[in-house]
Amino acid sequence: MPRASRKRGEPAMKRGISKEQVCILVASDRGKNSRMQASCLLHPTGQKIKEHLEGHVT
């Protein structure tokens with residue numbers, strides 16, 4: 001990771017989405033199947049979301 005790690009429960013220095021937060025992409029269906037993956041730092045783009053879900057969501 002390009003940032004230093006923090007202790008558990010320690011708050012981020014900045015509010016909202018920043019380089020201190022990691023975007024986690026989560027998808028689930030009615031059959032109780034789920035997919036979770038660390039997507040990126042900062043704001044996720046449509047292309048990043050498409051790459052992570054490709055082959056899992058039709």
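Because the structure is a prediction, the values reported are computed rather than measured.
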Exercise for review: For S34, check side chain to side chain contact (heavy atoms under 4.5 Å, CB included) against everything at least two apart and list the hits.
Suggested key: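 Residues passing side chain to side chain contact (heavy atoms under 4.5 Å, CB included) with S34: S28, M36.
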Practice item. Not counting sequence neighbours, which residues clear side chain to side chain contact (heavy atoms under 4.5 Å, CB included) with I49? List them please. Key: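 For I49, the residues satisfying side chain to side chain contact (heavy atoms under 4.5 Å, CB included) (neighbours in sequence not counted) are L25, P44, L53.
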Practice item. Please step through side chain to side chain contact (heavy atoms under 4.5 Å, CB included) for the pair E54 and E51, ending with a clear verdict. Key: CA-CA 5 Å; E54 196 167 44; E51 288 173 11; 5.6 Å; no
